[in-house]
Amino acid sequence: MESHLVTEAAGARARRRTLRATSINLLGPLTMLGGVVWAFLQPYRLTLLHPHGQGFWWLFSAPPLYVVLVGLGFALAVAPGLIADLDEAEDAPER
């Protein structure tokens, strides 16, 4: 085994995510979980389950689903960029 490969593997293993990066990474899934829990605790808020006699805006608005969509959007669009910026800031030499 070449020492270069061993050094890279040891460096990757030694580099752990910081608490800040882990918490940013968990914000999206925890938000989605909150939306699902909200939907189970208050199923009447999911207007798709009982649409009889309701108008368009009442049917269109399902807050627990919005919470799940926001959590998904954060996890897929915002969190990776934040974590990349955080990793760059940690790797940058201090002045």
Side-chain angles (χ1 to χ4, degrees):
M1 193 180 291
E2 293 181 23
S3 63
H4 179 69
L5 295 175
V6 173
T7 305
E8 286 181 8
R13 209 176 329 132
R15 181 183 179 124
R16 295 182 57 211
R17 287 245 162 130
T18 62
L19 181 61
R20 185 178 295 172
T22 303
S23 62
I24 289 172
N25 208 20
L26 286 176
L27 279 176
L30 288 176
T31 303
M32 289 186 285
L33 179 64
V36 170
V37 168
W38 185 13
F40 276 111
L41 291 176
Q42 295 180 339
Y44 58 87
R45 294 225 183 237
L46 293 176
T47 55
L48 301 174
L49 299 177
H50 50 83
H52 304 293
Q54 304 299 331
F56 172 75
W57 290 110
W58 181 261
L59 294 175
F60 184 71
S61 177
L65 297 178
Y66 290 155
V67 171
V68 172
L69 289 176
V70 167
L72 183 65
F74 183 85
L76 295 177
V78 178
L82 286 175
I83 292 173
D85 287 346
L86 187 63
D87 288 342
E88 286 179 15
E90 289 175 357
D91 292 342
E94 293 184 23
R95 294 179 186 201

CD1 of Ile24 to CG of Leu86, rounded to nearest 0.5 Å, is 5.5 Å
hydrophobic_cluster_shared for Met32 and Val37, side chain cutoff 4.5 Å: no
Residues passing the side-chain contact (heavy atoms from CB on, under 4.5 Å) test with Pro80, sequence neighbours excluded, are none
Applying side-chain contact (heavy atoms from CB on, under 4.5 Å) to Leu69 and not counting sequence neighbours gives none
Cluster membership besides Leu19, Ile/Leu/Val/Met/Phe/Trp/Tyr side chains within less than 4.5 angstrom, sorted by chain and number, is none
Applying side-chain contact (heavy atoms from CB on, under 4.5 Å) to Leu27 and not counting sequence neighbours gives Phe74
Taking every heavy atom of Gly35 against every heavy atom of Pro64, the minimum-distance pair comes out as O-CB, 3.6 Å
Hits for side chain to side chain donor-acceptor pair (under 3.5 Å) against Ser23, two or more places apart or cross-chain, chain-then-number order -> none
Next on the checklist: With a 4.5 Å cut-off on side-chain heavy atoms, are Glu88 and Asp91 touching?
Outcome noted: no
Closest non-hydrogen atoms of Gly28 and Ala75, given as atom of the first, atom of the second and distance, are CA-CB, 4.1 Å
Interatomic distance, CD1@Ile83 vs OG1@Thr22, rounded to 0.5 Å, equals 8.0 Å
Applying side-chain contact (heavy atoms from CB on, under 4.5 Å) to Val36 and not counting sequence neighbours gives Phe40, Val68
